[in-house]
Amino acid sequence: MLEMDFSLETELAGLKMDNPLMLASGVLGVCPSLLKKAASAGAGAVVTKSVGLKEREGFPNPTVHVIDSYALLNAMGLPNPGVEEFLKEFEGERFRFPIVYSVYGSSPEEYSMVARKLLSLNPAAFELNLSCPHVREVGSFIGQDPRMVYNVVNSVKSSVNVPVFAKLSPNVTDVLEVAEAAVKAGADAIVAINTVKAMAIDVDIMKPVLGNVYGGLSGPAIKPIAVKIVYDLYENISVPIIGVGGICCWRDAVEFFLAGASAVQIGSGILWRGLNIFGEVLEGLRKYMLEHKFKCVKEIVGAAHK
Ligand SMILES: Cc1cc2nc3c(=O)[nH]c(=O)nc-3n(C[C@H](O)[C@H](O)[C@H](O)COP(=O)(O)O)c2cc1C
């Protein structure tokens with residue numbers, strides 16, 4: 001197959017990207033210059049750190065603990081400057097790539113208020129963080145209750161005319177039920193998954209490692225959990241799925257596409273491989289597609305179900 005017959009361009013739920021790789025929310029913080037670096041490194045779109053109505057300091061240190069080369073534990077506690085300060089940081093910046101703004105809140109009204117305030121930045125889409133596992137007052141309890149998920153998505157959908165993605169938690173009894181509620185409320189895509197509830201104890205000091213005692217696990221250790229959820233979602237829901245969880249190389253990304261993801265996000269992988277991970281995954285994906293004579297990413301999406 002000729003290179004000219006081939007494209008990595010991806011469109012999902014109205015979001016147009018040069019390729020299907022996205023920077024996952026939070027891992028690089030809130031700084032616009034870091035988002036630009038991720039895009040220069042090859043990300044087709046970037047997701048900001050989750051922003052809420054009011055400033056949050058986050059949890060006491062330590063907030064991040066690298067367990068090994070497969071797993072990272074974090075309990076950041078959603079630190080962010082609040083939407084007004086966030087706007088100041090982003091206004092006046094020019095971006096040549098799509099930005100998805102990640103929003104959290106403590107009620108449906110708060111989510112839609114934050115999303116409306118962010119409209120001045122011309123978002124390519126909103127990603128609703130319904131799923132932060134360690135911050136009870138904002139996020140985690142919402143993502144565990146399908147009715148709340150419905151109300152949040154519905155509230156944001158009726159406030160903004162921009163694609164809305166619902167980011168789900170794996171820390172629930174039935175992810176499908178939550179996803180179905182989000183889709184029913186009008187979610188344009190589902191993002192799966194956020195981190196998996198976890199903790200670690202330091203045997204020398206005999207205390208939990210994280211300042212917040214427990215947190216969320218990310219990295220390769222959670223990839224099989226994420227792939228299974230994407231696979232199940234693909235069989236049961238009608239909107240595109242964005243897969244995230246443990247992607248560290250092109251094979252991991254392809255696994256998500258085969259399971260049913262239309263695009264993938266990379267988070268903790270940056271910690272181990274640096275921002276070059278985007279270029280490396282793209283190169284591997286390109287070679288894989290040419291070798292298997294796939295002309296576009298759509299042709300791989302869900303192929304493992306056939
Ligand atoms: C340090 C850190 C901060 C994160 N912050 C956020 C956040 O603000 N909002 C959010 O939706 N997800 C956040 N996440 C979750 C990631 O976006 C992603 O869903 C998760 O880490 C799994 O992907 P990974 O294994 O590629 O990191 C964070 C993850 C990490 C490791």
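Atoms within each ligand, like the ligands themselves, are counted from 1 in listed order.
Contacts between N194 and ligand 1, counted as non-hydrogen atom pairs separated by less than 4.0 Å, involve both the backbone and the side chain. Neither the backbone nor the side chain of V47 comes within contact range of ligand 1; no heavy atom lies under 4.0 Å. For K167, every heavy-atom contact with ligand 1 shorter than 4.0 Å involves the side chain, none the backbone.
Rounding to the nearest 0.5 Å gives a distance of 5.0 Å between CD of E110 and CG of L53. For the atom pair OG (S262) and CD (E11), the distance works out to 11.0 Å, reported to the nearest 0.5 Å. Here the straight-line distance linking atom CD1 of I193 with atom CD1 of I222 works out to 4.0 Å at 0.5 Å rounding. The distance from atom CG of L8 to atom CE of M289, rounded to the nearest 0.5 Å, is 5.5 Å. Atom CD of residue E57 and atom CE of residue M76 lie 12.5 Å apart, to the nearest 0.5 angstrom. Here D188 contributes atom CG and L15 contributes atom CG; the two are 10.5 Å apart, rounded to the nearest 0.5 Å.
Where the criterion is an N or O separation shorter than 3.5 Å, residue side chain and backbone included, N129 meets it with respect to ligand 1. Ligand 1 has an N or O atom lying under 3.5 Å from an N or O atom of S268, backbone or side chain. For ligand 1, the polar-atom distance check finds no N/O of I247 at less than 3.5 Å from any of the ligand's N/O atoms. For ligand 1, the polar-atom distance check against V244 finds no nitrogen or oxygen pair separated by under 3.5 Å.
Of the protein's heavy atoms, K49 NZ, 2.9 Å lies nearest to atom 8 (O) of ligand 1. Regarding atom 30 (C) of ligand 1, its nearest protein heavy-atom neighbour is N74 ND2, 3.4 Å. Nearest to atom 21 (O) of ligand 1 among the protein's heavy atoms is S218 CB, 3.3 Å.
Under 4.0 Å is where a charged nitrogen must lie from a carboxylate oxygen, and between E299 and K293 no such pair does. Between E9 and K16 there is no salt bridge, since none of the side-chain N atoms of the basic residue sits less than 4.0 Å from a carboxylate O of the acidic one.
Nearest residue to atom 10 (C) of ligand 1 from A71, S25, G246, G219 is S25 (criterion: closest heavy atom). Counting heavy atoms only, G267 comes closest to atom 26 (O) of ligand 1 of the residues A226, P220, G267, G269. Of the listed residues (G26, G245, S50), the one carrying the non-hydrogen atom nearest atom 9 (N) of ligand 1 is S50.
Remark: distances from the non-hydrogen atoms of I193 to ligand 1 include one below 4.0 Å.
Tested against Q265, the residues V191, V46, V100, I247 include a single side chain to side chain contact (heavy atoms under 4.5 Å, CB included) partner, V191.
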Show your reasoning for whether ring-ring contact (aromatic ring centres under 6.0 Å, His included) applies to Y111 and F126. CA-CA 10 Å; Y111 274 90; F126 286 114; over 10 Å; no
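Taking a cut-off of under 4.0 Å to the non-hydrogen atoms of T195, the atoms of ligand 1 that pass are 20 (C), 21 (O). Close approach of ligand 1 to L72 (heavy-atom distance below 4.0 Å) involves ligand atoms 31 (C).
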